[in-house]
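Source: prediction; values computed, not measured.
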Amino acid sequence: MTYDLSAPLEFDALEDVRPGSNILVSGPAMSGKADLCISMLADGSRRGEGAVVMTTGDRADEVLDDYRTRVEDLDESRVAVVDCRGEGSRSDERTAEGAYVYHVSSPGDLTGIGIGITKGLETLANNGAEEGRFALDSLSTMLTYTDRKTVFKLCHVLSSRFDSAGYVGLFTIDSEAHDDQTIQVIKQAFDGMIEIRDDEGTRQARLLGLAGQPTEWREF
């Protein structure tokens, strides 16, 4: 079984992504990175897959409200949100509609983040989601709380976890918020990268890593 991530971004290499793959989505602020990742998750939810979203900015209820608008007749028992904005200590809850939410004390609480993601994966598996997609928005926020080597290790650990769970992971990073060395270190934890840029008001993307040679830039 492989994943087709090409619905919002039509690259051939995204039509056949193996479970356990981690993809870095890199671009400037406000370039649509998170929207692209959530669109890929929503396409999976329409197929009955699980969806785990880790947010460092938006509240869990805001993430769920947005997700409901993207997926008609959403089965929320197959949706989990790890809310890392730092309001309160570690805790979990289930919404009235059945979604699982885990709260983490800070974007720098990597232990809590790992626990929340693991619990989310286990909950969705117990609810019948045998495969699924994960999105983390954003690594840049985490890098303001901890160093790049620690974030790299987290990404590497999550890759192994997703491989075991049969998931695929999408991680956003602000390409203009970090020096080149930081980006290069973080990139090593990923199987491929989607780069996003704004070309005179036109949003474009290209794919590196999954297809061997980088693709051409394409509007989306």
Side-chain angles (χ1 to χ4, degrees), residues 19-25 33-42 44-45 49-68 70-71 74-127 129 131-146 150-174 186 189-190:
S21 297
N22 273 355
I23 299 172
L24 184 65
V25 181
K33 301 182 295 296
D35 183 69
L36 176 63
C37 292
I38 299 301
S39 294
M40 289 180 173
L41 263 65
S45 289
E49 297 173 9
V52 180
V53 181
M54 183 187 136
T55 173
T56 63
D58 296 328
R59 298 196 314 267
D61 60 338
E62 294 172 333
V63 172
L64 289 168
D65 285 345
D66 172 67
Y67 207 70
R68 291 180 189 113
R70 297 170 183 262
V71 184
L74 175 65
D75 180 357
E76 295 195 29
S77 72
R78 298 190 177 194
V79 179
V81 179
V82 181
D83 185 338
C84 304
R85 293 172 309 110
E87 294 186 355
S89 58
R90 298 176 193 169
S91 62
D92 61 357
E93 61 178 310
R94 197 175 299 275
T95 67
E97 294 81 5
Y100 178 79
V101 178
Y102 190 88
H103 298 277
V104 181
S105 58
S106 159
D109 180 6
L110 302 192
T111 300
I113 288 169
I115 292 171
I117 292 171
T118 297
K119 285 191 171 185
L121 293 172
E122 290 174 348
T123 299
L124 301 196
N126 290 337
N127 290 338
E131 60 273 324
R133 310 179 186 199
F134 169 86
L136 187 159
D137 184 42
S138 105
L139 291 175
S140 293
T141 304
M142 298 177 67
L143 284 163
T144 65
Y145 286 81
T146 188
T150 303
V151 173
F152 168 84
K153 289 178 182 177
L154 174 68
C155 295
H156 188 69
V157 168
L158 291 179
S159 179
S160 298
R161 201 161 296 175
F162 297 151
D163 196 30
S164 298
Y167 270 58
V168 63
L170 301 158
F171 298 67
T172 72
I173 192 166
D174 185 339
I186 298 299
F190 293 88

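- Using a 4.5 Å heavy-atom threshold, the side chains of Arg161 and Thr118 count as touching.
- Across all non-hydrogen atoms, the minimal contact from His103 to Val101 is NE2-CG1, 3.6 Å.
- Annotation: side chain of Leu110 is not in contact with side chain of Lys153 (no heavy-atom distance under 4.5 Å).
- Under the rule for a ring pair (Phe, Tyr, Trp, His ring centres under 6.0 Å), Tyr102 has no partner lying at least two apart in sequence or in another chain.
- In this structure, Ala135 and Cys37 approach most closely via the heavy-atom pair CB-CB, 4.1 Å.
- You'll find the side chain of Asp75 stays beyond 4.5 Å of the side chain of Asn127, heavy atoms only.
- Scanning all heavy atoms of the two residues, the minimum distance from Ser21 to Val168 falls at O-CG2, 3.3 Å.
- The distance from atom CD1 of Ile23 to atom CE of Met40, rounded to the nearest 0.5 Å, is 6.5 Å.
- The CE atom of Met142 sits 7.0 Å away from atom SG of Cys84, with the distance rounded to the nearest 0.5 Å.
- In this structure, a donor-acceptor pair under 3.5 Å is present between the side chains of Arg70 and Ser39.
- Counting heavy atoms from C-beta outward, Thr123 and Arg94 have side chains that approach closer than 4.5 Å.
- Within the model, atoms CG of Leu124 and CD of Glu49 stand 11.5 Å from one another, a figure rounded to the nearest 0.5 Å.
- In this structure, Asn126 contributes its side chain and Glu122 its backbone to a donor-acceptor pair below 3.5 Å.
- Of the inter-residue distances, the one linking Leu158 atom CG with Tyr167 atom OH reads 13.0 Å to the nearest 0.5 angstrom.
- Of the listed residues (Asp35, Asp137, Thr56), just one forms a side chain to side chain donor-acceptor pair (under 3.5 Å) with Thr172, and that residue is Asp137.
- With contacts defined as side-chain heavy-atom distances shorter than 4.5 Å, the pair Phe162/Leu121 qualifies.
- Counting all heavy atoms, side chain and backbone alike, Leu74 lies closest to Ser45 at CD1-CB, 4.1 Å.
- At least one donor-acceptor pair closer than 3.5 Å links the side chain of Asp83 to the backbone N or O of Ala60.
- Put simply, CG on Leu170 and CG on Leu36 are 7.5 Å apart, with the number rounded to the nearest 0.5 Å.
- Qualifying ring pair (Phe, Tyr, Trp, His ring centres under 6.0 Å) partners for Phe190, counting only residues two or more places apart in sequence or in other chains: Phe171.
- The only option from Leu143, Thr141, Thr144, Ile113 that meets the side chain to side chain contact (heavy atoms under 4.5 Å, CB included) definition with Pro107 turns out to be Thr141.
- Lys119 NZ to Asp92 CG: the interatomic distance, rounded to the nearest 0.5 Å, is 5.0 Å.
- Shown here for Cys155 and Leu139, the closest heavy-atom pair between the two residues is SG-CD2, 3.9 Å.
- Residues satisfying the side-chain contact (heavy atoms from CB on, under 4.5 Å) criterion with Asp174, sequence neighbours excluded, are Ala29, Ser140, Glu176, Ala177.
- For the pairing with Val63, the side chain to side chain contact (heavy atoms under 4.5 Å, CB included) check across Val79, Ile38, Val82, Val81 returns one residue only, Val81.
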